[in-house]
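Here's the structure we're looking at; comments come further down.
The chains referred to below are lettered A, B, ... by the order of the sequence lines, with proteins before strands, and numbering in each begins at 1. Keep in mind that this is a model prediction, so the values were computed, not measured.
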Protein chains: 2
Amino acid sequence: MIPGAPNAPAQERGRLRRATLLGAAVELLTEGGFAAVTHRAVAQRAGLPLAATTYYFASRDQLLAEAFAQLVEAELATTRDWIADHGLTGLPDLIAAADRTRQLGLWELYVHAGRDPVLRQIARRWTDGCVHLVAQALRLPDGDPRVRLLYTALSTLWLELIVEQRPPAETRELLAHAVENASRP
Amino acid sequence: MIPGAPNAPAQERGRLRRATLLGAAVELLTEGGFAAVTHRAVAQRAGLPLAATTYYFASRDQLLAEAFAQLVEAELATTRDWIADHGLTGLPDLIAAADRTRQLGLWELYVHAGRDPVLRQIARRWTDGCVHLVAQALRLPDGDPRVRLLYTALSTLWLELIVEQRPPAETRELLAHAVENASRP
DNA sequence: GCTAAACTGGTACGGCTGTACCACTTTTGG
DNA sequence: CCAAAAGTGGTACAGCCGTACCAGTTTAGC
């Protein structure tokens with residue numbers, strides 16, 4: 001039987017190989033953006049033959065989508081832990097400490113999601129997850145306008161820090177303002 | 001003499017050709033993102049031979065950068081006019097009315113600027129320009145935190161509208177909140 | 001009018017891309 | 001034990017890419 005790129009390989013070794021490939025794709029994505037995620041590069045990074053990528057993933061788009069999803073989940077977990085330890089106003093330090101090219105890869109795929117319905121779902125999951133983290137930190141419901149507005153400040157300042165490399169001090173100051181705003185009734 | 005991709009061609013026809021190529025690049029950028037801006041596609045769109053692109057532009061990166069800059073200036077002008085006519089709270093309607101793929105192209109290049117110093121300068125120009133427009137509308141100085149925070153709301157809501165295609169009603173409501181916040185002392 | 005510079009456009013090269021193909025080996029289930 | 005399914009890996013194909021090259025033509029300056 002010719003398998004149609006099994007999402008869950010039947011054999012143990014297959015599952016391992018698939019996971020290795022996905023991990024390699026995530027690595028390449030964080031290093032060089034989604035342009036760097038090619039079948040050949042992924043296979044080489046994983047130490048597997050080229051054909052392995054086409055065997056376990058139906059297409060490059062699917063590989064990219066799964067890598068994006070995995071990256072988003074990892075990012076949300078990291079952010080959750082950081083907020084628990086340092087609070088919302090400590091977030092600029094997280095961004096400063098985080099791998100810049102990794103963030104770039106994430107945002108690249110986020111924007112690319114505007115052209116791909118499959119990625120769009122993952123993009124929404126990212127936004128919703130971040131909003132939820134802010135809501136928890138403020139002890140307010142997810143839908144509260146103060147939560148949403150604070151999130152917009154976080155999001156834009158974050159992106160500016162990554163892309164334009166603005167001075168972190170300015171970001172910290174503005175974020176403090178935003179948190180103060182959100183804490184008012 | 002072998003010219004090094006003249007930025008300002010000496011002959012009238014050359015200037016016209018260069019402008020035509022740049023216009024074609026902008027078109028393709030707005031239609032299919034920066035992946036669509038290839039030498040061949042630009043030349044074909046402009047109705048010129050392939051070699052014309054390499055003659056007037058030193059590299060694809062330069063062509064892309066100039067197209068980005070042109071797009072940013074056009075976008076700033078459009079936004080300025082719209083704010084003058086409809087005010088800040090009318091902006092969601094501008095976004096809704098604007099060409100969605102055009103905005104996607106802009107944001108794609110904005111994020112890509114994180115990997116390219118030349119583009120980064122243009123990205124900063126875009127941000128600064130938008131902040132300035134908000135400052136003018138609020139009659140506050142550019143550096144005022146209220147201006148910067150309102151801009152963050154605009155920016156994120158805009159991006160979410162474009163990428164995630166969230167319902168415009170929600171955007172309008174949040175934007176009204178943000179404007180109210182910014183108008184408080 | 002004539003030389004040099006500016007421009008034109010056809011063609012070619014080397015490289016990378018996604019993906020298909022297929023003979024082969026290993027594992028699984030009855 | 002043995003057929004069928006699952007997995008393996010080397011290779012090939014067709015297409016697009018940026019860019020270089022160059023013989024020819026047009027224009028500008030003296």
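Within the structure, ring pair (Phe, Tyr, Trp, His ring centres under 6.0 Å) contacts touching residues 32-52 of chain A (residues at least two apart or in different chains) are A:Phe34-A:His112. Residues in residues 123-145 of chain B take part in these ring pair (Phe, Tyr, Trp, His ring centres under 6.0 Å) pairs, two or more places apart or across chains: B:Trp107-B:Trp126, B:Tyr110-B:Trp126. Residue pairs meeting the ring pair (Phe, Tyr, Trp, His ring centres under 6.0 Å) criterion with at least one member in residues 69-101 of chain B, sequence neighbours excluded: B:Trp82-B:His86.
Here B:Tyr56 does not reach the OP1 or OP2 of C:dC7: none of its side-chain N or O atoms lies under 4.0 Å away. For the OP1/OP2 pair of D:dG9 and a distance below 4.0 Å, the side-chain nitrogens and oxygens of A:Arg17 include at least one atom meeting the criterion.
Rounded to whole angstrom, the span from the CG atom of A:Leu28 across to the P atom of C:dG18 amounts to 12 Å. The interatomic distance linking A:Tyr55 (OH) with D:dA6 (C1') rounds to 5 Å, in whole Å. Between B:Gln44 atom CD and D:dC17 atom P there is a gap of 10 Å when expressed in whole angstrom units. Distance, A:Leu21 CG to D:dT8 C1': 12 Å, rounded to whole Å. Between A:Arg15 atom CZ and C:dT27 atom P there is a gap of 14 Å when expressed in whole angstrom units.
For A:Ala178, the side chain to side chain contact (heavy atoms under 4.5 Å, CB included) criterion is met by A:Leu150, A:Ala153, B:Leu149, not counting sequence neighbours. Residues that satisfy the side chain to side chain contact (heavy atoms under 4.5 Å, CB included) test with A:Ile83, not counting sequence neighbours, are A:Thr79, A:Leu88, A:Leu91, A:Leu133, A:Ala137.
With hydrogens and angles disregarded, a donor-acceptor distance shorter than 3.5 Å links the side chain of A:Arg120 to the backbone of A:Gly114.
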For nucleotides 18-30 of chain D, 5' to 3', base contacts (B), sugar-phosphate-only contacts (S) and non-contacts (-) with protein non-hydrogen atoms under 4.0 Å give BB-------S---
